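Data block below; observations after.
Computed from heavy atoms alone, side chains included, the values below leave out hydrogens, waters and symmetry copies. Model, not experiment: these values are computed from the prediction.
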Amino acid sequence: MGKKKRVKIRKLLERGEEVPEVLVMGWVRTRRDSKGGFSFIEINDGSCLSNLQIIADHKIEGFPGVAMKLHAGSCIGVIGKLVQSMGKGQNVELQADAIEVYGPADTEEYPLQKKHHSFEFLREIAHLRPRTNTFGAVMRVRNRLAYSIHTFFQDRGFVYLNTPIITTSDCEGAGEMFQVTTLNLANPPLDEAGIDYTQDFFGEKTSLTVSGQLEGEVYALALSEIYTFGPTFRAENSNTSRHLAEFWMVEPEMAFYDLEDNIDLAEDFIRYLFSDVLEHCSEDLEFFNRRIDKTLLERHKGIVENRFERIPYSEAVHLLEKSKHKFVYSVEWGCNLQSEHERYLSEEVFEKPVVIFNYPDTIKPFYMKANEDGETVCAMDVLLPRLGEIIGGSQREDNYEVLAKRMKEKELDPSHYQWYLDLRKFGSAPHSGFGLGFERLVQFVTGMENIRDVIPFPRTPKHARF
RNA sequence: UCCGGUGUGGCGCAAUGGUAGCGCAAUCGGCUGUUAACCGAUGUGUUACAGGUUCGAGUCCUGUCACCGGAGCCA
């Protein structure tokens, strides 16, 4: 059996043509026995959502012994004839000539049953959940999105850049950082100030990155347009359906882009991704639309077909102030917009993605470019209905003096950022960029409610198993 | 981290302070070109953990842990 080339189920179902002899391999999802002397076995190999139905005549060689092992979860290989199906529900089916069991699954112990399981339960068996319809579909969609992120930027001449995972730059207190050290925690070397990091592996205090942006700017100011796509770490004790301690982020950074160019790119990017996934993952998306969220496809088409709303922060505040909607947190110019405010704007006022830009400088980081009004900066957030912020970005401050002053105001140590300031000292250029949370994108595209169910192995507070 | 909720057979859930049940799955049998198959029978429990109140606790109280939802923070 091993000598013949195996064909994936997706290919066979797409063609829908009869094949005199074919080999398929996969995991049994369900078996139904007929007393007519044969069994129906459905197998799935992850190449697509659909199973392949196998007709196994009990007369085929060794079947009585084999049949006992063909429970849900077992892995088998089958050689047979692919023929038009006599039954309803599938076009073609495989009439088995021989079946080989690679790995049986003890039905008394195998946790997955042919019934619905809660996502909470599946999280406890993260090593087996990819064998369910939902997780197979999530991971195929996730894969397609990753692929089209690369094609979007590659088609536009952006350079894919790998920024460091281990870093010394504390990206402006942007959340808690995971420390990286080889010091003996039970007995660390000490000096007057506390722990003596000169004796640590890198000779100074290091952490896992919370953003590749600062390093991305370095390469944008040489290669013009770059993007990063890699893991990001936040040690915030955050327990929500939208947060992970380890997640993947896409961060393009572009020389010669102002804020408007930046927003244009972000919008084109989002709409490209949705359009691509609608075209290439239709079976999986229809599954999500049927089982997870009945309005999913309708909303996705809305995103592809309509322009995003764009409003300045000041106007957003004005809209919220004059609205009759009762908010838990009141709104005034200068405050951070709360989740309830963002949701109100994207879900009720505009009912589509909203870009808010020109935020007060007091609530944004030091590196964002100051506007001429002296009180706002060139920041922008893209808000999606139901999900909230999916993109945060800005035009960067490219004036040396202004940036140095901002850093002083925010009490940052300039010695840590000398290389960053140097970019403004030598051949500075207007430039912009943004960050997109990859898992939040997958969440929105699939309709999955919890971010822990769109990443293979979620890392959250108190949870790093598997 | 804060607020609220939940924790009971493998899974999903029920049970006024008084004998812990139901559905699905599983096992066995029947039926059938079946397809979330169907029909019948069978087995399945330290009620998260540690204390407390009570004649008696799954149920009430205290603490711990875990999970879920929301908030903060963020992508």
Side-chain angles (χ1 to χ4, degrees), chain A residues 29-42 50-57 68 71-73 83-90 93 95 105-125 132-133 171-176 210-213 231-251 266 291 327-329 336-343 363-365 381-384 387-393 434-444 449-455 460-463 465:
Chain A
R29 285 295 181 78
T30 177
R31 188 188 87 217
R32 298 174 290 274
D33 296 322
S34 167
K35 284 295 182 284
F38 56 94
S39 295
F40 302 95
I41 304 160
E42 287 189 42
S50 300
N51 301 327
L52 179 66
Q53 174 163 288
I54 290 156
I55 312 298
D57 195 295
M68 300 309 291
H71 298 293
V83 297
Q84 296 299 313
S85 177
M86 292 160 64
K88 291 168 189 155
Q90 59 281 317
E93 62 191 18
Q95 285 188 337
D106 184 344
T107 187
E108 298 278 357
E109 286 182 64
Y110 187 61
L112 290 173
Q113 303 158 353
K114 41 181 202 180
K115 55 167 282 191
H116 172 79
H117 290 95
S118 69
F119 293 133
E120 290 86 351
F121 171 67
L122 292 173
R123 260 170 241 152
E124 294 168 11
I125 49 166
T132 62
N133 286 335
C171 210
E172 218 223 330
E176 295 295 311
V210 293
S211 166
Q213 179 202 316
T232 310
F233 307 88
R234 304 267 169 100
E236 208 74 52
N237 190 359
S238 195
N239 295 287
T240 82
S241 57
R242 304 183 308 282
H243 283 87
L244 291 167
E246 177 182 288
F247 64 99
W248 288 65
M249 188 152 67
V250 182
E251 295 184 288
R291 302 295 287 271
F327 296 111
V328 176
Y329 295 88
N336 257 314
L337 297 184
Q338 306 291 324
S339 293
E340 57 171 345
H341 304 141
E342 297 180 345
R343 291 186 63 152
I363 58 171
K364 288 291 179 184
D381 286 351
V382 180
L383 312 177
L384 293 184
L387 189 84
E389 183 179 346
I390 192 170
I391 282 180
F434 62 79
L436 171 134
F438 184 54
E439 282 75 18
R440 289 195 181 167
L441 174 73
V442 181
Q443 239 186 310
F444 194 82
E449 288 189 354
N450 197 309
I451 200 165
R452 292 162 201 179
D453 299 328
V454 299
I455 188 167
T460 53
K462 300 270 190 315
H463 198 103
R465 277 178 69 208

Regarding [X], tell me which of base, sugar-phosphate or nothing describes its non-hydrogen contacts under 4.0 Å with the strands shown.
X: A:E109; result: nothing
X: A:I55; result: base
X: A:M249; result: sugar-phosphate
X: A:E93; result: base
X: A:F121; result: sugar-phosphate

What's the closest nucleotide to the A:R440 side chain, out of B:C74, B:G33, B:A37?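 My answer, after comparing the listed nucleotides, is B:C74.
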
Short heteroatom pairs, N/O only, protein and nucleotides 67-72 of chain B, under 3.5 Å:
| unit_1 | atom_1 | unit_2 | atom_2 | d |
| --- | --- | --- | --- | --- |
| B:C68 | OP1 | A:R123 | NH1 | 2.1 |
| B:C68 | OP1 | A:R452 | NH1 | 3.1 |
| B:C68 | OP2 | A:R452 | NH1 | 2.6 |
| B:G69 | OP1 | A:N450 | ND2 | 3.4 |
| B:G69 | OP2 | A:N450 | ND2 | 3.3 |
| B:G70 | OP2 | A:S241 | OG | 3.4 |
| B:A71 | O2' | A:Y329 | OH | 3.3 |
| B:G72 | OP1 | A:Q338 | OE1 | 2.3 |
| B:G72 | OP2 | A:S339 | OG | 3.0 |
| B:G72 | O6 | A:S238 | OG | 3.0 |
| B:G72 | N1 | A:S238 | OG | 3.2 |
| B:G72 | N2 | A:N237 | O | 3.4 |

Thinking salt bridges, do A:E124 and A:R465 make one under a 4.0 Å N-O criterion?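 No salt bridge links A:E124 with A:R465.
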
Do A:H341 and A:Y329 have ring centres separated by under 6.0 Å?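 Here the rings of A:Y329 and A:H341 have centres that are no less than 6.0 Å from each other.
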
Would you please say whether a donor-acceptor pair under 3.5 Å links the side chains of A:H243 and A:T240?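 Short answer, yes.
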
Under a 3.5 Å threshold, yes or no: a donor from one side chain and an acceptor from the other, between A:Q90 and A:S85?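 Yes.
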
Quick check on RNA chain B: between A:Y110 and A:T107, whose nearest nucleotide comes earlier from the 5' end?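 Comparing both residues, the 5'-ward one is A:Y110.
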
Under the rule of Watson-Crick or G-U wobble with both distances under 3.5 Å, where | means paired to another strand and [ ] a crossing pair, RNA chain B maps to (((((((..((((....[..)))).(((((.......))))).....(((((..]....))))))))))))....

In whole angstrom, give me the gap between the C1' atoms of B:C2 and B:A36.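 So the two C1' atoms sit 42 Å from each other.
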
